[in-house]
Amino acid sequence: MLLSNTTDSVTGGVPLSVNFNSPKDYFIFIFQLLFATTTVLIAGTVVIGILATRALRLQNRFIFMLNTSVCDTLVGFSVYYLGLFDVQEGYPSRNGTYNVLPSLLGVNILTFLFAQFDRYFAVCHPFIYSRYITRHVVIGINIYCWVYNFAHLLARNLLPLSKAIQLYVFSIVFFQLILLTKVVMTIKLYVVARFQVERDPPSAEKESKKESLRIIIFVVISFLVLWCPSFVNIIIRFVVGGGLVFRNEATNLFAIMARFNAVCTPAVYLWGSPALREATKKTVWGRVCPRCKRR
């Protein structure tokens, strides 16, 4: 049984997220519009840069970057609906998308986790990594992140409401285990970057290892910081019955913070990888602005 998505107006379509009765309403609407546009531009630039550069596509770490950036680009497009219109996802839902758009963030959760393990084995066990973790394996892992996420979403939409809520609560518990694993892996990667890689002799490979570890550590830390408030609020609402309730997705501060990962993650990629910056300059901004290419 599909979960119902009710609307306030059957004939008038979905209303806007704010009523424009105060300056705050204008600020919220403009912020959501700029937020969506910025996310699409930054994440979309990373997607095009990696897809158009063969040298990047052949490296496993950039495949993980590509997967999260595709997801972030879709999150940016989703904000044009979730942020500009009166939408409430979850239970109960109002003008919702059967949780399809919010579930995009779940793809990044799994991708970051696998990316952490990928970097750990690449640095600490290079022989095993080079022998077994091929490009096809990494692509398969990234596809699995999408398949698992939408199989879980399909199950929640097809089950009766009571069972769907139980499955949703189970996913929250499962998410706690993923968060704990992320914290442990982040600490482990920091130790590897701080002590093991620093002892290696100077080389291009050493710099590549340091770069990849630095990027994944910063990405995961920003992810945890921006996601935790929303996660804690959801737990309080379902376990205690309290927590904060917002009018819609546009005014949900915790959801906005969680979606802000879609801006931070590709921005960290560009900041931490000179090769990616150069690729985006040649394939995207160099064509839009020829002066940028000559710099």
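Sequential numbering from 1 along the given sequence is applied to the chain's residues. These numbers were taken from a predicted model, which means no experiment stands behind them.
Shortest non-hydrogen contact noted between Pro229 and Met257 is CG-CE, 3.7 Å. The shortest non-hydrogen separation linking Phe112 to Thr68 is CE2-CG2, 3.6 Å. Contact record, Gly96 with Val87: CA-CG1, 4.0 Å, taken as the closest heavy-atom pair. The heavy-atom pair separating Thr186 from Gln116 by the smallest distance is OG1-NE2, 3.0 Å. When all heavy atoms are compared, the tightest approach of Ala43 to Ala262 is CB-O, 4.3 Å. Shortest non-hydrogen contact noted between Ile109 and Ile178 is CG2-CG2, 3.7 Å.
Pairs of residues two or more places apart, or lying in two chains, that qualify as side-chain hydrogen bond (donor to acceptor under 3.5 Å, both in side chains) and include a residue from residues 26-50 are Thr37-Tyr80. The side-chain hydrogen bond (donor to acceptor under 3.5 Å, both in side chains) contacts involving residues 252-264 comprise Glu249-Arg259, where partners must be two or more places apart or lie in separate chains.
By the 6.0 Å contact criterion, CZ on Phe260 is open, its count of non-hydrogen atoms from other residues, nucleotides or ligands being 12 or less. Within a 6.0 Å radius of CZ in Phe27, other residues, nucleotides and ligands contribute 12 heavy atoms or fewer.
Taking hydrophobic clusters as Ile, Leu, Val, Met, Phe, Trp and Tyr residues chained together by side-chain heavy-atom distances below 4.5 Å, Leu34 does not share a cluster with Phe77. In terms of hydrophobic clustering, with Ile, Leu, Val, Met, Phe, Trp and Tyr side chains grouped at heavy-atom distances under 4.5 Å, Val40 and Leu33 are assigned to a common cluster. In terms of hydrophobic clustering, with Ile, Leu, Val, Met, Phe, Trp and Tyr side chains grouped at heavy-atom distances under 4.5 Å, Leu41 and Val263 are assigned to different clusters. Taken together through direct or relayed side-chain contacts under 4.5 Å among Ile, Leu, Val, Met, Phe, Trp and Tyr, Val220 and Val225 form part of one hydrophobic cluster. Both Tyr148 and Ile139 are assigned to one and the same hydrophobic cluster, defined by single-linkage of ILVMFWY side chains at heavy-atom distances under 4.5 Å.
Under the 30°/60° scheme for interplanar angles, the aromatic rings of Phe174 and Phe170 are found to lie parallel.
Looking at Leu110 and Trp146, their side chains never come closer than 4.5 Å, going by heavy atoms from C-beta outward. Side-chain contact between Asn95 and Phe85 is absent, with no heavy atoms from C-beta onward closer than 4.5 Å. In this structure, Thr134 and Val138 have side chains that are not in contact, with every pair of non-hydrogen atoms separated by 4.5 Å or more. At least one side-chain heavy atom of Tyr81 sits less than 4.5 Å from a side-chain heavy atom of Val14.
Summarising the geometry, atom CZ belonging to Phe127 is positioned 5.0 Å from atom CZ belonging to Arg131; distances are rounded to the nearest 0.5 Å. Taken to the nearest 0.5 Å, the CD1 atom of Ile215 stands 12.5 Å off from the CG atom of Leu189. With rounding to the nearest 0.5 angstrom, the CD1 atom of Ile141 is 11.0 Å from the CZ atom of Phe117. Expressed to the nearest 0.5 Å, how far SG of Cys71 lies from CG of Leu105 amounts to 6.5 Å. Put simply, CG on Leu226 and CD1 on Ile256 are 12.0 Å apart, with the number rounded to the nearest 0.5 Å. Taken to the nearest 0.5 Å, the SG atom of Cys264 stands 9.0 Å off from the CD1 atom of Ile42.
Checked options Thr265, Asn67, Asn149, Asn142; the residue passing with Thr111 is Asn67 (criterion: side chain to side chain donor-acceptor pair (under 3.5 Å)).
Within the 3.5 Å criterion, the main-chain N or O of Gln88 finds no donor-acceptor partner in the side chain of Arg94. With Arg156 contributing its side chain and Ala164 its backbone, the two residues share no donor-acceptor pair below 3.5 Å. The backbone N or O of Ile50 lies less than 3.5 Å from no partner atom in the side chain of Thr53, so there is not a single donor-acceptor pair. Side chain of Ser78 to main chain of Val75: a donor-acceptor pair is present (N/O by atom type, distance under 3.5 Å, no hydrogens or angles). In this structure a side-chain-to-backbone donor-acceptor pair under 3.5 Å is present from Glu89 to Thr97.
Side-chain rings of His125 and Tyr129 stay apart, their centers remaining 6.0 Å or farther from each other. Between Phe114 and Phe64, the distance from one ring center to the other does not fall under 6.0 angstrom. Aromatic rings of Trp227 and Phe175 (six-membered ring for Trp) have centroids within the 6.0 Å cut-off, being under it.
Taking the centre and axis of the six-membered ring of Phe223, the NZ or CZ atom of Lys182 falls inside the cone set by 45° and 6.0 Å.
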Q | From CA spacing to verdict: side-chain contact (heavy atoms from CB on, under 4.5 Å), Ile216, Met185 | A | CA-CA 10 Å; Ile216 192 63; Met185 288 301 299; over 6 Å; no
Q) Between Ser273 and Tyr269, does a side-chain contact (heavy atoms from CB on, under 4.5 Å) hold up when you go through it step by step? A) CA-CA 6 Å; Ser273 176; Tyr269 291 160; 5.9 Å; no
Q) Going through the distances and angles, do Tyr190 and Leu213 end up as a side-chain contact (heavy atoms from CB on, under 4.5 Å)? A) CA-CA 8 Å; Tyr190 174 78; Leu213 288 173; over 6 Å; no
Q | Step-by-step side-chain contact (heavy atoms from CB on, under 4.5 Å) determination, Leu167 to His152 | A | CA-CA 9 Å; Leu167 184 60; His152 180 271; 3.7 Å; yes
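Tyr98 and Ser93 share no donor-acceptor pair across their side chains, judged by distance under 3.5 Å alone.
In this view, Thr280 satisfies the side chain to side chain donor-acceptor pair (under 3.5 Å) rule with no residue, not counting sequence neighbours. With sequence neighbours left out, the side chain to side chain donor-acceptor pair (under 3.5 Å) criterion links Asn108 to Asp72. Gln59 pairs by the side chain to side chain contact (heavy atoms under 4.5 Å, CB included) definition with Leu56, Arg61, Phe62, not counting sequence neighbours.
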Taking distance alone, no hydrogens or angles, what donor-acceptor pairs closer than 3.5 Å link side-chain atoms of residues 241-248 to residues at least two apart or in another chain?
residue : atom : partner : partner atom : Å
Arg247  : NH2  : Ser17   : O            : 3.4
Asn248  : OD1  : Ala250  : N            : 3.2
Asn248  : OD1  : Thr251  : N            : 3.2
Asn248  : OD1  : Thr251  : OG1          : 3.2
Asn248  : ND2  : Ser17   : O            : 3.0
Asn248  : ND2  : Asp86   : OD1          : 3.1

